[in-house]
Amino acid sequence: MPAKKEHLDPPDFPHSRLLRWYRQHRRKLPWRPRKKTNTDPGVVVNPYHVLLSEAMAQQTQIATVVPYFERFVAAFPTVHDLAAADEQQVLKLWQGLGYYRRARHLHAAAQTIVEQHDGKVPCTVDDLLNLPGVGRYTAGAIASIAHNQPAPILDGNVARVLARFDRIETPVNDPLTLKQLWARSEQLVQSAPKASRGDFNQALMELGALICTPPPGSPKCLYCPLGNDCRAFADGRVEQLPVKTPKKKPTAVTHLVVAIEKNGKLLFEQRPPKGLWSNMWQLPTWELPPEARDSDSPPAGRGRGRVPKPKTYRAHSDKPEASSTLPQPLPAGGALKAHLRERFGLNVAAPGFVDVFKHQTTHRTITFRVYRTSAKAGRLKPRTGQWRRPDELHDLPLAKPQLTALTLLK
DNA sequence: AATTCGGGGGG
DNA sequence: CCCCCAGAATT
């Protein structure tokens, strides 16, 4: 048997130490081979599993992904099963994970793979980039992890590791810096041992997740396999890097939720295919436009997002202890009732206030005001919603605030 | 080049 | 309370 050729590290990066560290300390993840590395003989990475995990891991911590991944693989063991699935079922399994567009992109990607790639996850970055929901990072990750291609990756972890290792002081989200980081990532994966391209990329990310951690808190530089080769560490600048440009603050908005009961069932509607919580279901909900909050006009037009406005902000003022914090506004009974009649063809009793809670997203702080009423007469307009018993929502994908509202209604 | 897509982890 | 997370698509 011929002696295994030794890989020589380039002078400016200790590939060998990083790979050795990775093989000892990597987390056990359900899409990783059990004990060996992904390039050992007899150990095969499942490219479909890699696709699933990468789609779920976008902007999401790995620990959060794991249980979702397990349920997904159980429900859709192969890419064919996923391609043939109903989108509502895919969204239901994605419920709680956020960025629901990813689920629909993944579903469409599975169908593309079945129809155009004979059910096999593509090997090349170019083919991968043509899949919906697959961008530069995900294409590189799948190509390298599933197929051991020398394709570069750049995610939050790698950007942080490289910015520190190379002591890059410019903002890592600056386009020029991004270009530099991508070039560095490519150089590094191409100079990694040929049999370990996937492991090398995963090692960079694993280092960022376990050792070269983001603030708050300190990175564990004393345990870092890169040691003093890291320029930021050598110069005492690790805690100052990477530099990021400040982000915009979320805007405050208010959503009105109305639970309409009839014969023990509640009315649910589906959100539009674009925007927040696309294609998810909800109790009838409207966003209150900031400019219309204090006026007394009925909602303009009939689309989602149009707003029945509260008649007044001061309510329950005759009950002092009812509101130790904020006043509990009541919806404009007349305008709201007219709106429900126009939109769903339903006549409802005067809505009663149930509760209020806040929901935080990246770009909004949403105050949800929950009301309850019952439908008295009128037939539901076709295709405007569904009546569901609250204990039979197992197939309806619902976002977090809707689950919260349903809990408060019980 | 900027914004918009969720929800949770963790200091 | 804050920033961050195995980013992508849209404008």
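What you see is a predicted model; the values in this text were computed from it and never measured. Chain naming here is simple, since letters A, B, ... match the order of the sequence lines and numbering starts at 1 in each.
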Any base atoms under 4.0 Å from A/L29, or only sugar-phosphate, or nothing? Heavy atoms, all strands. base
Between C/dA6, C/dG7, C/dC4, spot the one nearest the side chain of A/T138, thanks. C/dG7
With no hydrogens and no angle check, just 3.5 Å: does a side-chain donor-acceptor pair link A/R102 and A/T60? yes
Using the side-chain heavy atoms of A/N157, tell me which of these nucleotides is nearest: C/dA6, B/dT4, C/dT11. C/dA6
At under 4.0 Å between heavy atoms, what does A/G208 touch on the DNA or RNA strands: base, sugar-phosphate, or nothing? nothing
If you compare every side-chain N and O of A/R364 against the phosphate oxygens of B/dC5 (OP1, OP2), does one of them come in below 4.0 Å? yes
Determine the minimum heavy-atom distance between A/C212 and A/P219, stating which atoms define it. CA-CB, 4.2 Å
Using atom NZ of A/K249 as one end and atom P of B/dT4 as the other, report the distance to the nearest whole Å. 16 Å
Base, sugar-phosphate, or nothing for A/I153, non-hydrogen atoms under 4.0 angstrom? nothing
Partner of A/V258 under side chain to side chain contact (heavy atoms under 4.5 Å, CB included), picked from A/L336, A/L266, A/V370, A/V348, is A/L336
Paired nucleotide for C/dC4 [Watson-Crick or G-U wobble; both distances under 3.5 Å]: B/dG8
Roughly how many Å is it from CZ in A/R102 to C1' in B/dG6, rounded to a whole number? 8 Å
Indicate whether OP1 or OP2 belonging to C/dC5 is found under 4.0 Å from a side-chain N or O atom of A/Q61. no
Establish, for the pair A/R271 and A/W281, whether the NZ or CZ atom is under 6.0 angstrom from the six-membered ring centre and no further than 45 degrees off its axis. no
Looking only at side-chain atoms of A/P216, point me to the closest of B/dG11, B/dG6, B/dG8. B/dG11
Using a heavy-atom cut-off of under 4.0 Å over every strand shown, decide if A/A399 touches base, sugar-phosphate, or nothing. sugar-phosphate
Closest to side chain of A/P175, choosing from C/dA9, B/dA1, B/dG10: B/dA1
Could you work out which one of B/dC5, B/dG7, B/dG6 sits closest to the side chain of A/R101? B/dC5
Report the nucleotide, chosen from C/dC4, B/dG6, B/dC5, that has the shortest atom-to-atom distance to any side-chain atom of A/R160. C/dC4
Whole angstrom is fine here: how far is it from CH2 in A/W94 over to P in C/dA8? 13 Å
Expressed in whole Å, how much space separates the C1' atoms belonging to B/dG8 and C/dA9? 23 Å
Determine the sole option in A/R27, A/R26, A/R23 for which the salt bridge (Lys or Arg N to Asp or Glu O under 4.0 Å) test with A/E206 is passed. A/R27
Can you measure A/K274 atom NZ to C/dT11 atom P for me and round it to whole angstrom units? 5 Å
Once you round it to whole Å, what is the distance between P of C/dC5 and NZ of A/K247? 10 Å
Touch class at under 4.0 angstrom, heavy-atom based, for A/V134 against every strand present: sugar-phosphate
Using 30° and 60° as the class limits, which term best fits the ring planes of A/W31 and A/F69: parallel, tilted or perpendicular? perpendicular
Which whole-number value in Å describes the distance from A/R271 CZ to B/dC5 C1'? 12 Å
Between C1' of B/dC5 and CD1 of A/I366, the distance in whole Å: 12 Å
Does A/Y100 make a side-chain N or O approach to OP1 or OP2 of B/dG7 shorter than 4.0 Å? yes
Please state the P separation for the pair B/dC5 and C/dA6 - nearest whole angstrom. 23 Å
From C/dA9, B/dT3, C/dA6, nucleotide with atom closest to A/W31 side chain: C/dA6
Rounded to whole Å, please give me the gap between CG in A/L51 and P in C/dG7. 15 Å
Side-chain N,O (A/H359) to OP1/OP2 (B/dG7) below 4.0 Å: yes
Decide, yes or no, whether a salt bridge links A/E342 with A/K381 under the criterion of side-chain N to carboxylate O below 4.0 Å. no
Of A/P214 and A/Q59, the one whose nearest nucleotide on DNA chain C sits closer to the 5' end is A/P214
On DNA chain B, more 5' by nearest nucleotide between A/T64 and A/H363 is A/H363
Picking from C/dC4, C/dG7, B/dC5, the nucleotide nearest the side-chain atoms of A/L276 would be B/dC5
Tell me what A/P250 touches on the nucleic acid: a base, only sugar-phosphate, or nothing, going by heavy atoms under 4.0 Å. nothing
